[in-house]
Structure formats: structure tokens, C-alpha cells
2 protein chains.
Amino acid sequence: MSVKNTIVVIDDEAQIRKVLSITLEASDYKVVEADCAKDGILQAATAHPQLVILDIGLPDRDGFSVIKELRTWTSIPIIILSVRNSEEDIVKALDLGADDYLTKPFNSSELLARIRASIRRTQQPSEENVISTGDLKIDYSSRVVTKNKKEIKLTNTEYLLLALLFKNMGKVLTHGFILREIWGPSSTENSQYLRVFIGQIRKKIEDDHADPKYITTESGVGYRMRFVK
Amino acid sequence: MSVKNTIVVIDDEAQIRKVLSITLEASDYKVVEADCAKDGILQAATAHPQLVILDIGLPDRDGFSVIKELRTWTSIPIIILSVRNSEEDIVKALDLGADDYLTKPFNSSELLARIRASIRRTQQPSEENVISTGDLKIDYSSRVVTKNKKEIKLTNTEYLLLALLFKNMGKVLTHGFILREIWGPSSTENSQYLRVFIGQIRKKIEDDHADPKYITTESGVGYRMRFVK
DNA sequence: CGATTCCATAAAGATTTCATAAAGACGAAA
DNA sequence: TTTCGTCTTTATGAAATCTTTATGGAATCG
């Protein structure tokens, strides 16, 4: 279940705010309304919105100055609404940092599509993919393993093997399974070089590799990665 | 001295292409023209543009399918031009991944402002336009790389490659990923010329290129840009 | 307990991958 | 067209990695 995206609507006409709210809420956005520039900026700062819809014609302040002020501290997308379809206004708004410009009366499905496009752009990948045990940590997105925050240099095969063990933390992985996963289905059942690699990895990650605490041997079966507090 | 931003214009009407070229070149963009979808995609993959302008009505293929195909491998901004001001088309284009939609006849200063807005956004995601590591610094807004405040002369491809590494500082980038990002989806899996370029860049940025501290090799995997204090 | 199988490690050989130079191809600009 | 800068390809030796072999120690089982 995803959390709803919040949109701040800054417009002095109650009618327009109402139409926008209904439209946006029907598309599963959370809407925060503001009827003047001052309140709009406050809401933008406190409601943590994913987008701002701003009417350029406000009673208390020039809408362009609102764009300017917002851009001093945030880069969330701003879509401008205006009754004026003047080239000059469009250029000014966009160059001040607005992301899009629509003229009233606007088409609601076009507005929604432009909102989706703007939000899509800001939601670029930033997901971290990290698993840790003891003082060991693996980061799949950057493909780096650290021990005590210090990076450990691993060859490609060593990394693949360690990543496989991490992903199956606590489970016993049989020799056959590991060999098939890393060396492909046509790999021989010879687990000799698996031992060589486990040995290499242990040298690099275990404090005492005569008594390994991370990768334990399950004699006759395979290996297991242990979760260490 | 900053390198010009490149824009690929895909339109079958020579007249429109000419007008666009003149307009864009007057604003200091480098323009690459294509008169059909096939050539357009090729140019988008090889010319390393910062933006694509796409006419939705092309002779050889549906423009929507071009958006779709481009979006399988690149996230550079796409601005759609169309004679049809239909809500349906706008929504479809934006949801397929286009960044903006303008109807012909378009206003050239509005188009330029929308281009600036789109390019600005792509050069922003790292929050700052400048990233540095050690005595190296990259400025995305001016496309300039400096070492000890001294500018380093880079070819376009070298810049793109270095910028990609900077943007993913600390992450291991696989050969395949780098090749797709820089040379497009049709690039071969041959990483030989990637090595050549890495070699060139190292000559320019590393103090001792027998022992590189900025760009390290992850044998069998790819390369990584390191953060140096 | 033996005997047997399984495991850990070192080290040598085989293979893959990498760095670099240099030559050819290509395209943009004069 | 020619020139120049850049990109692509090819070739070569070096480096890193993987695989195999050998040896002795540990675990397992009758």
C-alpha cells in the first residue's frame, strides 16, 4: 500500500479549489488548500507536498514572486494555473522555476497527466538495498560490502557468492544449489572450488577464520550465513 | 567555455525542422535533425542529446511508440509537438513518458522556455549542479570538469562517461550499464572501447594512472568513481 | 576406535579481463 | 576538398581472477 501523494493548491477562488480538490482526490491525491500566497508558502513548507499547483493571480501577492520564493528552498514541481495565455507570462513563470503552465479553463485529464509526469520525474530511484549482520553490511545497489564501515575488496565471484549467502541469511544452502546459482546449471557437482572461494571470503570477513561466526559449515550439506547481533 | 547542449529534432516536415533549427541554434543549442522515427531513435542513441523534440505524426511509425521505445533505455526529456490538441493524445503522450506537449503552431519563446525548464530539471536531480571528490569537480550546468581549479579538456563522450560516474559516486557501474547509458541500447556488449575511454579519462584526471584513486576497476564487473576526501 | 568421507588451505597453471598504443574510419568545420 | 578532432577497432603484453591439483586435518559412521 503506497502513501498518498500530497498536493498543495494555492488559489484564491473557492470554486476552483473545490473543483481541483474533487478531481485530485478522485485520483487518490491528498489535497491541501490555500487561498493566498502567504498561506500557500506556509502549507508548502509544512505539508511536505509532492507538488504545488499555483494560480498566478493571487490577491495578496504576485504569483511570480511566489515561484521565486519557493525555489529558494525547494525543488518540488510547481504547476502554474492562469487565465492569461500570454507568451510573456509563460516564459517568465518557467524561467523562474515553474515546471508547467496551464491556462484556465483547463482540461482535468490533461492536468492530471501533467501532474503525473511532474511527480514521476521527481521520484527517481533512491531506494537503498542493504542487509547487515554483526559488523558486516552488504549494499546491493552499490555492490559494496563493508566490515566496520570499512570496505572489503571482493572479486566478482566472491561477491556473487557472498550476496547469495546474505540473501538467504539463516538458511542452509546446499553445495549443489550454490553451484547452480553461481556457475549455472551446467556446473559440475564438484564442490572443490566452492571451498576455495568460501575460504577466500572467510579470510576477508571473519575475525578468526579458524572459528567462523558468519559463514558456518554444515558438513555434508553446504554452508550457512548466520545472523549475528 | 561550456559545451553546447544538443537537441534531436524528429519531424518529417523539412519546413518545421528548418524553423526549429534556426530558433534553437540562435539560443546556442546544437541541433541534430531526423526526418523519420527510425533515424530519430538512432540519433537519440548516438548524438548524446540533452533533449528530444518529437513530432507525433511521423510517416514511418506512430510517434507514441517512439516515446515508448526511447523510454526503455533513456530518461532524457522528450517534448512532443503535434497538430492535434486532443486531450486524449496529450494524456497518452505524457503517460508514456513524455515531459511536455505543445500544439502547432507553437510559440517559439514558449518552446524555448519549456526546453530550458526540461533541461534544468534533468541537471538538477543531484540537488546541486556541482559535485566534487578530492581535487576534482564537475559542474553540470556549464559541463565543465576541473582539477585543482584548472579546467580539464574533455571530448563529449569523455564528459558523458565521467558525468555518469560522478552521478553514481561510490557505486559500481557494470560495463553493460555504462554502454547502454552512453552508447544507447543497441550498443554491443563489447567493452573494449569503454576501456579506451577510461584510459583517456584517467590520463587526464589521475595523478598516477598506474594507481588510479578516482576511477577504480572492478575486474569482471565494471568501474567505480570513488569519493576522495 | 579405524576407515572413509568431507573440509580447509596453499600454490601452480589456465583463462579471462584489463590497459595501452597505434592505426583506420568517420564526420564536422574551414 | 582537405584538415582536424574524435571515435572505433585491432593488437599486444600485463594483471587479475578462476580452476585445478595436492596435502593434511576434521567430521562422520559402522
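Side chains are part of it too, since the values below use all heavy atoms of this structure and drop only hydrogens, waters and symmetry mates. Given the structure is predicted, the values throughout are model-derived calculations rather than measurements. A note on names: the letters A, B, ... follow the listed sequences, proteins ahead of strands, and every chain is numbered from 1.
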Item to complete: Summarise how protein sits on nucleotides 25-30 of chain C as a single string, 5' to 3': B when a protein heavy atom is under 4.0 Å from the base, S for sugar-phosphate-only contact, - for no contact.
Response: ------

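Between B:Lys18 and B:Glu13, none of the side-chain N atoms (NZ, or NE/NH1/NH2) sits under 4.0 Å from a carboxylate O, so this pair counts as no salt bridge.
No more than 12 heavy atoms of other residues, nucleotides or ligands shown are found within 6.0 angstrom of NZ on B:Lys68. Around NZ of A:Lys171, the count of heavy atoms belonging to other residues, nucleotides or ligands within 6.0 Å does not exceed 12. Within a 6.0 Å sphere centred on NZ of A:Lys147, other residues, nucleotides and ligands contribute more than 12 heavy atoms. Within a 6.0 Å sphere centred on CZ of B:Arg84, heavy atoms belonging to other residues, nucleotides or ligands number 12 at most.
Taking atom CG of B:Leu194 as the reference point, atom C1' of C:dT17 lies 13 Å away to the nearest angstrom. Spacing between atom CG of A:Asp211 and atom C1' of C:dA8 amounts to 14 Å, rounded to whole angstrom units. Atom P of nucleotide D:dA14 and atom CZ of B:Arg195 are separated by 17 Å, given to the nearest angstrom. Between B:Gln192 atom CD and C:dA19 atom P the separation is 10 Å, expressed in whole Å. Rounding to whole angstrom units, NE2 of residue B:His209 and P of C:dC18 are separated by 19 Å. D:dT6 atom P lies 10 Å from atom CD of B:Gln200, rounded to whole Å. In this structure, B:Ile182 places its CD1 atom 11 Å from P of D:dC7, rounding to the nearest Å. Across the protein-nucleic acid pair, A:Leu179 atom CG and D:dT19 atom C1' stand 13 Å apart, rounded to whole Å.
Annotation: proximity of residues 155-164 of chain A to DNA chain C (heavy atom, distance under 4.0 Å) is found for no residue.
Between A:Ser219 and A:Phe197, the residue anchored closer to the 5' end of DNA chain D is A:Phe197, taking for each the nucleotide with the nearest heavy atom.
OP1 or OP2 of C:dA19 has at least one side-chain nitrogen or oxygen of B:Tyr223 nearer than 4.0 Å. Contact between the side-chain N/O atoms of A:Lys203 and the OP1/OP2 oxygens of C:dA10 is found at a separation under 4.0 Å. In this structure, B:Trp183 reaches the D:dT8 phosphate: one of its side-chain N or O atoms is under 4.0 Å from OP1 or OP2. The phosphate of C:dC6 (OP1 or OP2) has no side-chain N or O of A:His175 nearer than 4.0 angstrom. For the pair A:Thr217 and C:dC6, the criterion of a side-chain N or O lying under 4.0 Å from OP1 or OP2 is not met.
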Fill in: side-chain contact (heavy atoms from CB on, under 4.5 Å) between B:Ile41 and B:Ile10, worked out
CA-CA 9 Å; B:Ile41 291 169; B:Ile10 312 175; 5.8 Å; no

Worksheet entry | Chi angles and distances behind the side-chain contact (heavy atoms from CB on, under 4.5 Å) call for B:His48, B:Thr6 | CA-CA 7 Å; B:His48 312 307; B:Thr6 303; over 6 Å; no

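Under the 3.5 Å distance criterion, with hydrogens and angles disregarded, no donor-acceptor pair is assigned to the side chains of A:Asp207 and A:Tyr214.
Pairing each heavy atom of B:Ser27 with each of B:Leu112, the nearest pair is OG-CD1, 3.5 Å.
Among C:dA10, C:dC18, D:dT8, the nucleotide with an atom closest to any side-chain atom of B:Val196 is D:dT8.
In this structure, B:His48 reaches neither bases nor backbone, as no heavy-atom distance under 4.0 Å exists between it and the strands shown.
Aromatic ring pairs are classed by plane angle as parallel below 30°, tilted from 30° to 60° and perpendicular above 60°; the pair A:Phe197 and A:Trp183 is tilted.
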